[in-house]
Amino acid sequence: MAGARAGPKLPGRLRMLELDGIHTYYGDSHVLRGVSLSVGAGEVVCLLGRNGAGKTTTILTAMGYVKPRTGRIAYRARNITALRPFEIARLGVGYVPQERGIFPSLTVVENLTVFARGTRRGRWTLPRIFALFPVLEARVGHLGFQLSGGEQQMLSIARALMLNPTLLLLDEPSEGLAPMILQQIVTAIKSLRNEGLAILLVEQNLRTALALGDRHHVLNKGEICYTGSSAELGGNDTVLRDYLSV
Ligand SMILES: Nc1ncnc2c1ncn2[C@@H]1O[C@H](COP(=O)(O)OP(=O)(O)OP(=O)(O)O)[C@@H](O)[C@H]1O
Ligand SMILES: [Mg+2]
């Protein structure tokens, strides 16, 4: 089994995200037990693991929603451990929550623009969003609650992009989606990666992870128990069976 390689050592400006020795608790419950990982510029790094392994907690900790008891978080070599979520978002970290967080009574356009005003100017505009997700343009006046699960997922990703992030934290974008919709989301994530966006992707769907990830970390009970490439992970029957129930 590969060791707990955190990832390649890169120059500061190319190290988009680094978690170093993170221990996170909910009350007395010790959930993350020394998680270290890094995401380099233009890389898609996947975080896999069973339900309750600590995947969402890792993302929440990186984003500042949950503060680690010990450990350090850096974005582009800057220590962000003490920053609040909105400050981290302003620096250029986009977050797509597992529950999507769509406002049910706002339209598609309102959902897209509600946070985007007054933020860093950048490449993402409504026309570019609609080119990435044409279905959202077709639903432009619909309210959040009228959208399908897949459309809500696309809207949630699109809303994060409107803040022009350079690093995207995606928590299980494939959860509960029909294969055809999932394929559209996979295609969109690939094109984001091709544009140079760095992505930390939580994914329980092994096929999706293997299709997208440059590197994979498997979490088990709050510890990274395996790190490898798609070829290494896809061929490691022991890890797939013991930690991913494949
Ligand atoms: N707010 C909370 N308070 C207390 N315990 C929590 C809280 N949120 C999560 N936990 C616990 O922390 C552990 C890790 O949860 P987490 O949501 O990070 O797992 P996950 O890997 O994202 O799981 P899933 O695949 O189901 O989304 C679980 O045991 C969970 O029950
Ligand atoms: Mg989760």
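For the numbers below, each heavy atom of this structure counts, side chains included, while hydrogens, waters and symmetry mates do not. For clarity, every value in this text was computed on a predicted model and none was experimentally measured.
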>> How long is the straight-line distance from CD1 of I224 back to CZ of R33, given to the nearest 0.5 Å?
In response: 14.5 Å
> Can you name the nearest heavy-atom pair linking L219 to V35, along with the distance?
Replying inline: CD2-CG2, 4.0 Å
> Can you get from L106 to L143 by hopping between Ile, Leu, Val, Met, Phe, Trp and Tyr side chains that sit under 4.5 Å apart?
Replying inline: no
> CD1 of I80 to CD1 of I88: how many Å apart, nearest 0.5 Å?
Replying inline: 4.0 Å
>> Is any side-chain heavy atom of K221 closer than 4.5 Å to one of V31?
In response: no
>> Within this structure, what is the CG-OG1 distance for the pair L32 and T24, rounded to the nearest 0.5 Å?
In response: 4.0 Å
> Aromatic rings Y95 and Y65: how do their planes relate, parallel, tilted or perpendicular, breaks at 30° and 60°?
Replying inline: tilted
> Is there a donor-acceptor pair under 3.5 Å between the side chain of N164 and the backbone N or O of R123?
Replying inline: yes
> Judged by modelled atom types alone, do Y26 and T57 share a side-chain donor-acceptor pair under 3.5 Å?
Replying inline: yes
> Hey, is CZ on R78 packed in by over 12 heavy atoms from elsewhere, all under 6.0 Å?
Replying inline: no
>> Any heavy-atom pair between the side chains of M162 and L126 that's under 4.5 Å?
In response: yes
> Quick check: does any side chain N or O of R159 sit under 3.5 Å from a backbone N or O of G101, one acting as donor and the other as acceptor?
Replying inline: yes
> More than 12 heavy atoms of other residues, nucleotides or ligands under 6.0 Å from CZ of R207: is that the case?
Replying inline: no
> What are the two closest non-hydrogen atoms of V93 and P165, and how far apart are they?
Replying inline: C-CB, 4.2 Å
>> What I'd like to find out is whether the side chain of L112 reaches to under 4.5 Å of the side chain of L161, using heavy atoms alone.
In response: no
>> Within the 4.5 Å heavy-atom criterion, are D20 and S36 side-chain neighbours or not?
In response: yes
> Donor-acceptor pair, T81 side chain versus I73 backbone, under 3.5 Å?
Replying inline: yes
> If you measure only the distance, is there a donor-acceptor pair under 3.5 Å linking the side chains of H23 and T70?
Replying inline: no
>> Between V202 and L169, is there a side-chain heavy-atom distance shorter than 4.5 Å?
In response: no
>> Looking at every non-hydrogen atom in both residues, tell me the closest pair between L168 and A160 and how far apart they are.
In response: CD1-CB, 3.9 Å
> Is a side-chain donor or acceptor of R76 paired with a backbone partner of R15 at a separation under 3.5 angstrom?
Replying inline: no
>> Please report the interatomic distance CG(L37) to CG(L19), rounded to the nearest 0.5 Å.
In response: 4.5 Å
> Step by step, would you call L210 with L206 a side-chain contact (heavy atoms from CB on, under 4.5 Å)?
Replying inline: CA-CA 6 Å; L210 294 181; L206 182 69; 3.9 Å; yes
> What closest approach, in Å, do V44 and L212 show between heavy atoms, and which atom pair accounts for it?
Replying inline: CB-O, 3.4 Å
> Donor-acceptor pair, Q183 side chain versus M180 backbone, under 3.5 Å?
Replying inline: no
> V140 and V108: which non-hydrogen atoms are nearest, and at how many Å?
Replying inline: O-CB, 3.4 Å
>> Given 3.5 Å as the limit, does a donor-acceptor pair link the side chain of N220 with the main chain of E223, or not?
In response: no
> Do Q98 and K55 touch side chain to side chain, with heavy atoms closer than 4.5 Å?
Replying inline: no
> Checking side-chain contact (heavy atoms from CB on, under 4.5 Å) for the pair L233/L244: CA distance, chi angles, key distance, verdict?
Replying inline: CA-CA 11 Å; L233 175 61; L244 301 171; 4.3 Å; yes
> Is there a path of hydrophobic side-chain contacts, each under 4.5 Å between heavy atoms of I, L, V, M, F, W or Y residues, that connects V109 with L147?
Replying inline: yes
> Between E232 and H216, is any pair of side-chain heavy atoms under 4.5 Å apart?
Replying inline: no
> Any chance the side chains of S174 and T208 put a donor and an acceptor closer than 3.5 Å?
Replying inline: no
> Would you say the side-chain atoms of Q152 pair up with the backbone N or O of G144, donor to acceptor, closer than 3.5 Å?
Replying inline: yes
> Is any NZ, NE, NH1 or NH2 atom of the basic residue among R90 and E87 found under 4.0 Å from an Asp or Glu carboxylate oxygen of the other?
Replying inline: no
>> Please check: side-chain N/O of E203 versus main-chain N/O of N205, any donor-acceptor pairing under 3.5 Å?
In response: yes
>> Do V135 and I181 land in one hydrophobic cluster if side-chain heavy atoms of ILVMFWY residues count as linked below 4.5 Å?
In response: yes
>> If I take atom CD from residue E172 and atom CD1 from residue I59, how far apart are they, to the nearest 0.5 angstrom?
In response: 9.5 Å
> Can you check side-chain contact (heavy atoms from CB on, under 4.5 Å) on Q184 and M154, steps first, answer last?
Replying inline: CA-CA 9 Å; Q184 291 175 30; M154 292 177 199; 3.1 Å; yes
> Yes or no on side-chain contact (heavy atoms from CB on, under 4.5 Å) for V39 and I199, after CA distance, side-chain angles and deciding distance?
Replying inline: CA-CA 7 Å; V39 184; I199 299 176; over 6 Å; no
> Is there side-chain contact between S229 and D214, with at least one heavy-atom pair below 4.5 Å?
Replying inline: no
> Just how far is it from atom CD1 of I157 to atom CG of L132, taken to the nearest 0.5 Å?
Replying inline: 8.0 Å
>> So which atom in Q153 and which in R100 form the shortest heavy-atom distance, rounded to 0.1 Å?
In response: OE1-NE, 2.7 Å
>> Between F145 and V114, is there shared hydrophobic-cluster membership here, with clusters defined by ILVMFWY side-chain heavy atoms closer than 4.5 Å?
In response: no
> With no hydrogens and no angle check, is any side-chain donor or acceptor of T61 less than 3.5 Å from a backbone partner on P68?
Replying inline: no
> Checking R215 side chain against S38 main chain: does a donor-acceptor pair fall under 3.5 Å?
Replying inline: yes
> Between T166 and Y75, is a side chain to side chain donor-acceptor pair (under 3.5 Å) present by the stated rule, with each step listed?
Replying inline: CA-CA 10 Å; T166 54; Y75 167 69; 2.4 Å; yes
